[in-house]
2 protein chains.
Amino acid sequence: MARPRSVSKEDSLELALQLFWERGYDLTSIADLSAAIGVGPSSLYNSFGSKENLFRLAIERYLSTHAAPTLGRLDDKDAGTAVEYARGLLREAAKLYTSKGFPRGCAMFEGAGSGPPEQSPACAMTHAIKRDLNKTIRKRLDAYSRSGEMLSASSKVLAAFLLGSMRGLSQLACDGANRTELMGVADHAAQSLTGP
Amino acid sequence: MARPRSVSKEDSLELALQLFWERGYDLTSIADLSAAIGVGPSSLYNSFGSKENLFRLAIERYLSTHAAPTLGRLDDKDAGTAVEYARGLLREAAKLYTSKGFPRGCAMFEGAGSGPPEQSPACAMTHAIKRDLNKTIRKRLDAYSRSGEMLSASSKVLAAFLLGSMRGLSQLACDGANRTELMGVADHAAQSLTGP
DNA sequence: CGTCAATTGGAGCGATGACTACAAAACGAC
DNA sequence: GTCGTTTTGTAGTCATCGCTCCAATTGACG
């Protein structure tokens, strides 16, 4: 029994996400968001509290929608061999980073600076997520090792390599590499997990 | 026959570089630079003209000093096999990205946003450099191909992979990975160039 | 219709952004 | 010492930042 919001929270978050995705946290101002969403700044603050919180919610939306297929590959337990697991993960990432109608690269990697957690609020929140990604990949590789598969390096090194590859793919996408090129890089990186 | 500058241009550029390196172009303000260098803003503008130009000169200094060993590996024609070439390049980069007493990661990759050239002045200048890096790597790989060495993929894919690996290493360094870990990733990535 | 609750647009807050105007200061040349 | 040249610090320009205050608006409910 009150005035209804002119734009739904979901719609607002999706529009905010796309701005953060394209320009990053620092270069996206409240005025930009306000104009893109079509509501005044006061409505944004009434709904989301702060720019930092809006970013957090936008990234959460990103992870649970756009990035869901990629995250699903992260702990895909039916991926076949380790190489096939890595290929599935990196190809899915490459696909996400070159989706038509959306900004290039990864919204989380590129949306916040890549600095240490204390550099900015946005860095702090994405830093924790990246740690989780690394941990998840490493667990999956450890499982391959335990089941007897020979890998080309330790799970620690390979987890860092795969996460680094995802970030490299994101940056290549930002710089204009097309999907075909990214898929080639993804395939090559995945293939490198082959044991001796 | 005029008043001498209180801080040399070289010293100013080195200090400016380290700030841009650590915080990036956008998050480094003229006031920050002024305080770190120990001169007023007017001196900075008198010496360098604009923030954009100061950044350009700082990055040029970075490339010609700190990054010189890494750039030297880029077209090292006495590197042995392609795998050895890649290993030399990536290990030198890993070393640069974890130098004691300097910010983590690559000043050029992390100092400017990773967006398209039109996103910001800083992006525009680094974009051109990245294109050159790719081209140089590819030429080197083509030379290996022409001399009969079998590679694991096309020079186009491998050049993108190697540049992507450098950027991945830089980001891992920014997130706190230590030198040993980066060296492991570098070795692994280089090893992947082995022909079939 | 009147009431209450939530949202809205707009105006404006203090802080900070890049940048500049200007006069005092510091040298070499004379 | 005086002059000319360049650098210096200070103060201030206008724009924009994240954010807030407030009165007007919009509905469902009685």
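Keep in mind the model is a prediction, meaning the values are calculated, not measured. Lettering follows sequence order; numbering is per chain, from 1.
Between B:Leu44 atom CG and D:dG9 atom P there is a gap of 10 Å when expressed in whole angstrom units. Rounding to whole angstrom units, CG of residue A:Leu54 and C1' of D:dC17 are separated by 16 Å. At whole-Å resolution of the value, CZ in B:Arg23 and P in C:dT16 are 14 Å apart. B:Glu52 has its CD atom 14 Å from the C1' atom of C:dC19, to the nearest Å. If you measure from atom CD1 of A:Ile37 to atom P of C:dG9, you get 11 Å, rounded to the nearest angstrom. One can place CG of B:Leu27 at 12 Å from P of D:dG18, the figure rounded to the nearest angstrom. The interatomic distance linking A:Ile30 (CD1) with C:dC13 (C1') rounds to 15 Å, in whole Å.
Comparing C:dA6, C:dG17, D:dC19 against the side chain of B:Ala31 picks out C:dG17 as the nearest. Out of C:dC27, D:dG9, D:dC19, the shortest distance to the side chain of B:Pro4 is found at C:dC27. The side chain of B:Ser43 lies closest to D:dT8 when the candidates are D:dT8, D:dT5, D:dT26. Nearest nucleotide to the A:Lys51 side chain, out of D:dG18, D:dT5, C:dC19: D:dG18. The side chain of B:Ser29 sits closest to C:dA18 out of D:dC19, C:dA18, C:dT20.
With contacts defined as side-chain heavy-atom distances shorter than 4.5 Å, the pair A:Phe55/A:Pro121 does not qualify.
When the nearest nucleotides of DNA chain D are assigned to A:Asp26 and B:Arg5 by heavy-atom distance, the more 5′-ward of the two goes with B:Arg5. Taking the nucleotide of DNA chain D with the nearest heavy atom to each of B:Ala2 and B:Gly40, the more 5' of the two is matched to B:Ala2. In terms of position along DNA chain C, the nucleotide closest to A:Asn46 lies nearer the 5' end than the nucleotide closest to the other residue of the pair A:Asn46 and B:Asp32.
Residue contacts shown for B:Ser47 are absent, as no nucleic acid heavy atom lies under 4.0 Å away. Backbone-only engagement by B:Thr28 is indicated by non-hydrogen atom pairs under 4.0 Å involving sugar-phosphate atoms exclusively.
Applying the 4.0 Å criterion to OP1 and OP2 of D:dC19, one finds that A:Tyr45 has a side-chain N or O inside that range.
Taking each heavy atom of B:Arg73 and B:Leu89 in turn, the nearest pair found is CB-CA, 3.8 Å.
A donor-acceptor contact under 3.5 Å links the side chain of A:Ser42 to the base of C:dG9. Put simply, the side chain of B:Arg3 and the base of D:dT7 share a donor and an acceptor less than 3.5 Å apart.
Other residues, nucleotides and ligands contribute only 12 or fewer heavy atoms inside 6.0 Å of the CD atom of B:Glu10.
The closest side-chain donor-acceptor pair between B:Asp32 and B:Ser29 falls under 3.5 angstrom. Using a 3.5 Å distance cut-off with no hydrogens or angles, the side chains of A:His66 and A:Glu14 do pair a donor with an acceptor.
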